[in-house]
Engineer: 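Can you keep this structure in mind? I'll have questions shortly.
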Amino acid sequence: MVSFVVIAYQQETQVRAAIEAAFAQTYSPLEIILSDDGSTDGTFSIMEEMANAYNGPHTVRLNQNKKNLGLIGHVNLLFEMASGTLIIPAAGDDISLPNRAEVLFNAFRETRPYLIDTPIISIDAQGNVQGEPHSRINEVADHTTEKASYTLNSIIGASSAWSKEMHDLYGPITEAGTYEDAIFYFRARLAGRFLHVAEPLVQYRSNGMSWQKGDVHSIRLKKARLRVATWRQRRKDMRTFCEHIERTLCDAEVTGSRFVTHLEHKLPGNPPKISGVQK
């Protein structure tokens, strides 16, 4: 199953278009989750109204957080709620093209990446297209794992898709001061499971990052805090991944040893050397 999740907070004027785009997805079976992060405006009422009126092939689920969890808290919760192997997030002010889920799943099932990145189509507040589709793939194409560990340059999270397996390995994000795209990008690069699909699938409204707003001093302070939170999370993820590799190698060694012991009982005399079993 694929989970298509509309994530919203205080977006009553734009969320209807995001939900209509979710309902129009061509891929099936699709689990659609409409999740509101404790909005005080009419965002959740619109979600509830549209979910009750929906009469289509997809499964629709509603969620409203009792209190605002913030971006990271909300993203962590989505992994717990979603039933799908692939999770496709859709911001409440963006519009997904009808074939988004279908294209992403077709790409996902080939190599099972942890993170899929696609270009965006920029639109203004009225939905008018601004310029040509674009992505950040050229900025990250030459990244080594080392460079990906310290840079803030990553992909555009609003147009990405996430594997449930990534969350199973690394667990929830514990640093609330970072952004999910910076973390998921590094997790995927670290595991060698990052994929870019060149087809634009999201009409994206850019409101700017919160740390980019304010006077020069406050912007510098916010960026410094963002960097610290991001590096802390990446350090934790590096340790988690190394522990995973160590366990995998230990399991392989035990399995290999048992295999050799089994052969010693089966083969007469001195068994031949079996290269590569322990590796």
Side-chain angles (χ1 to χ4, degrees), residues 2-28 30-37 43 46-47 50 58 60 71 74-75 78-79 82 84-109 113-141 153-164 166 179-185 188 194-210:
V2 176
S3 295
F4 194 101
V5 189
V6 178
I7 312 168
Y9 176 67
Q10 305 288 76
Q11 290 168 323
E12 63 179 1
T13 61
Q14 297 166 327
V15 73
R16 189 176 295 275
I19 297 172
E20 288 173 347
F23 289 170
Q25 292 298 303
T26 57
Y27 178 84
S28 185
L30 190 66
E31 172 189 61
I32 297 175
I33 301 176
L34 308 181
S35 187
D36 173 60
D37 194 20
T43 298
I46 294 171
M47 287 182 165
M50 295 184 72
H58 307 310
V60 179
L71 175 62
H74 202 176
V75 167
L78 295 179
F79 279 97
T85 306
L86 180 67
I87 300 174
I88 303 174
D93 57 348
D94 294 338
I95 302 172
S96 298
L97 301 190
N99 64 333
R100 185 184 178 200
E102 185 174 357
V103 170
L104 289 173
F105 181 73
N106 286 337
F108 173 76
R109 67 181 177 180
Y114 280 176
L115 178 68
I116 304 177
D117 167 58
T118 64
I120 60 168
I121 304 166
S122 294
I123 58 175
D124 60 20
Q126 290 72 42
N128 301 310
V129 174
Q130 305 289 300
E132 296 296 321
H134 66 281
S135 72
R136 295 177 184 157
I137 190 61
N138 290 335
E139 299 174 33
V140 304
N153 289 336
S154 63
I155 48 88
I156 300 172
S159 62
S160 65
W162 315 323
S163 165
K164 195 75 171 286
M166 176 179 63
Y179 285 96
E180 91 290 347
D181 48 5
I183 300 307
F184 292 162
Y185 170 70
F194 168 77
L195 176 67
H196 175 76
V197 174
E199 185 173 350
L201 300 169
V202 175
Q203 293 184 333
Y204 172 76
R205 298 183 213 267
S206 177
N207 298 315
M209 298 296 221
S210 59

Engineer: For the atom pair OG1 (Thr85) and CZ (Phe105), what is the distance rounded to the nearest 0.5 Å?
Structural biologist: 7.5 Å
Engineer: Please enumerate all residues that pass side chain to side chain contact (heavy atoms under 4.5 Å, CB included) together with Gln126, with sequence neighbours excluded.
Structural biologist: Asp124, Asn128
Engineer: To the nearest 0.5 Å, what is the distance between OG1 (Thr118) and CD1 (Ile137)?
Structural biologist: 10.5 Å
Engineer: Looking at His196 and Ser135, what are the two nearest heavy atoms and their distance?
Structural biologist: CE1-OG, 3.6 Å
Engineer: Between Phe194, Phe79, Phe108, which is the residue that forms a ring-ring contact (aromatic ring centres under 6.0 Å, His included) with Trp162?
Structural biologist: Phe79
Engineer: Could you tell me which non-hydrogen atom of Pro113 sits nearest to which non-hydrogen atom of Ser163, and how far apart they are?
Structural biologist: O-CB, 3.3 Å
Engineer: Any heavy-atom pair between the side chains of Glu180 and Leu71 that's under 4.5 Å?
Structural biologist: yes
Engineer: Report yes if some heavy atom in the side chain of Asp117 is under 4.5 Å from a heavy atom in the side chain of Ser159; otherwise report no.
Structural biologist: yes
Engineer: Sub-3.5 Å donor-acceptor pair from the side chain of Arg205 to the main-chain atoms of Ile123, do we have one?
Structural biologist: no
Engineer: Over all heavy atoms of both residues, which pair between Tyr114 and Met166 is shortest? Give the atoms and the distance, please.
Structural biologist: CG-CB, 3.7 Å
Engineer: For a quick test of reading the model, state the closest non-hydrogen atom pair linking Val15 to Ala8 and the distance between them.
Structural biologist: CG2-CB, 3.9 Å
Engineer: Are Glu102 and Ser28 side-chain neighbours, meaning at least one heavy-atom pair lies under 4.5 Å?
Structural biologist: no
Engineer: May I have the step-by-step check of side chain to side chain contact (heavy atoms under 4.5 Å, CB included) for Tyr179 and Ser154, ending in yes or no?
Structural biologist: CA-CA 10 Å; Tyr179 285 96; Ser154 63; over 6 Å; no
Engineer: Hey, can you pull the donor-acceptor pairs under 3.5 Å for the side chains in residues 18-25, sequence neighbours left out?
Structural biologist:
| residue | atom | partner | partner atom | Å |
| --- | --- | --- | --- | --- |
| Gln25 | OE1 | Arg100 | N | 3.3 |
| Gln25 | OE1 | Ala101 | N | 2.9 |
| Gln25 | NE2 | Ala21 | O | 3.0 |
| Gln25 | NE2 | Leu97 | O | 2.9 |

Engineer: If you measure from CD1 on Ile155 to CD on Glu139, what distance do you get to the nearest 0.5 Å?
Structural biologist: 11.5 Å
Engineer: Going by heavy atoms in the side chains, are Leu86 and Lys164 under 4.5 Å from each other?
Structural biologist: no
Engineer: Can you tell me how far apart OG (Ser122) and CD1 (Ile156) are? Round to the nearest 0.5 Å.
Structural biologist: 7.0 Å
Engineer: Please name the residue in the list Ile32, Val75, Ile33 that meets the side chain to side chain contact (heavy atoms under 4.5 Å, CB included) test with Val5.
Structural biologist: Ile33
Engineer: Nearest heavy-atom pair of Ala161 and Pro89: which atoms, and what distance?
Structural biologist: CA-CD, 4.1 Å
Engineer: Working to the nearest 0.5 Å, report the span between CD of Gln203 and CD1 of Ile120.
Structural biologist: 11.0 Å
Engineer: Taking only residues two or more places apart in sequence, or in another chain, which ones meet Glu12 in a side chain to side chain contact (heavy atoms under 4.5 Å, CB included)?
Structural biologist: Asp41, Thr43, Ile46
Engineer: Indicate yes or no: at least one non-hydrogen side-chain atom of Glu199 is less than 4.5 angstrom from one of Asn99.
Structural biologist: yes
Engineer: Quick one: CG on Leu104 to CD1 on Ile88, what's the gap to the nearest 0.5 Å?
Structural biologist: 4.5 Å
Engineer: Could you tell me whether the side chain of Ser35 reaches within less than 4.5 Å of the side chain of Ile7, counting heavy atoms only?
Structural biologist: no
Engineer: Which heavy-atom pair separates Val197 from Pro119 by the least distance, and what is that distance?
Structural biologist: O-CD, 3.1 Å
